[in-house]
Amino acid sequence: QVQLVESGGGLVQPGGSLRLSCAASGSIFRIYTMGWYRRAPGKQRELVAAITSSGSTNYADSVKGRFTISRDNAKNTMALQMNSLKPEDTAVYYCNGNFPIGNYWGQGTQVTVSS
């Protein structure tokens, strides 16, 4: 069993910044590709950013240049630095990770961008 827990969500003004964190625990052994997904009001869940075990990254076009994904393999954590936030970034953000025993999701953390 693997547990993923997100933290760092909240309410911020447009143009502001927020940093999300994801901590993995349990029967980890190894962590393969991890990513951040989000589900905005009225939209389907979408991939925001992903990072491989070696540090290669991919971003959705809508967040390129504004968001940065990172991971600390020694601490089994992953982060998403979100800058220049826009109202359309408002969503529940989910941590996702691939492990030898399977794919796991966190419970989600709410990010609201509003003035």
Identify every side-chain donor-acceptor pair in residues 4-32 under 3.5 Å, counting partners at least two apart or on other chains, and give the distances.
{"residue": "E6", "atom": "OE1", "partner": "Q107", "partner atom": "N", "Å": "3.0"}
{"residue": "E6", "atom": "OE1", "partner": "Q107", "partner atom": "NE2", "Å": "3.2"}
{"residue": "E6", "atom": "OE1", "partner": "G108", "partner atom": "N", "Å": "2.9"}
{"residue": "E6", "atom": "OE2", "partner": "C95", "partner atom": "N", "Å": "2.7"}
{"residue": "E6", "atom": "OE2", "partner": "G108", "partner atom": "N", "Å": "3.1"}
{"residue": "S17", "atom": "OG", "partner": "N83", "partner atom": "OD1", "Å": "2.9"}
{"residue": "R19", "atom": "NH1", "partner": "Q81", "partner atom": "OE1", "Å": "3.4"}
{"residue": "S25", "atom": "OG", "partner": "Q3", "partner atom": "OE1", "Å": "3.4"}

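- Applying the side chain to side chain contact (heavy atoms under 4.5 Å, CB included) test to K43 and every residue at least two apart in sequence or in another chain returns A40.
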Q.
side-chain contact (heavy atoms from CB on, under 4.5 Å), that's the test. Do R38 and E46 meet it? Break it down for me.
A. CA-CA 6 Å; R38 68 185 181 188; E46 65 174 342; 2.8 Å; yes
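- Here D89 does not pair with K86 in a salt bridge; the nearest charged N to carboxylate O distance is not below 4.0 Å.
- One side chain, T52 or S54, offers a donor N or O that lies under 3.5 Å from an acceptor on the other.
- Tested against I51 for a side chain to side chain contact (heavy atoms under 4.5 Å, CB included), the candidates T33, L80, N58, T57 yield a single pass: T57.
- Contact record, M78 with M34: SD-CB, 3.4 Å, taken as the closest heavy-atom pair.
- In this structure, the side chain of N96 engages the main chain of Y104 through a donor-acceptor pair within 3.5 Å.
- Residues V111 and M82 share a closest heavy-atom pair of CG2-CE, 3.9 Å.
- Cluster partners of V92, using a side-chain heavy-atom cutoff of under 4.5 Å among ILVMFWY residues and allowing indirect links, are Y37, L47, Y94, W105.
- Summarising the geometry of A49 relative to Y59, their closest heavy-atom pair is CB-CD2, 3.6 Å, with the distance given to 0.1 Å.
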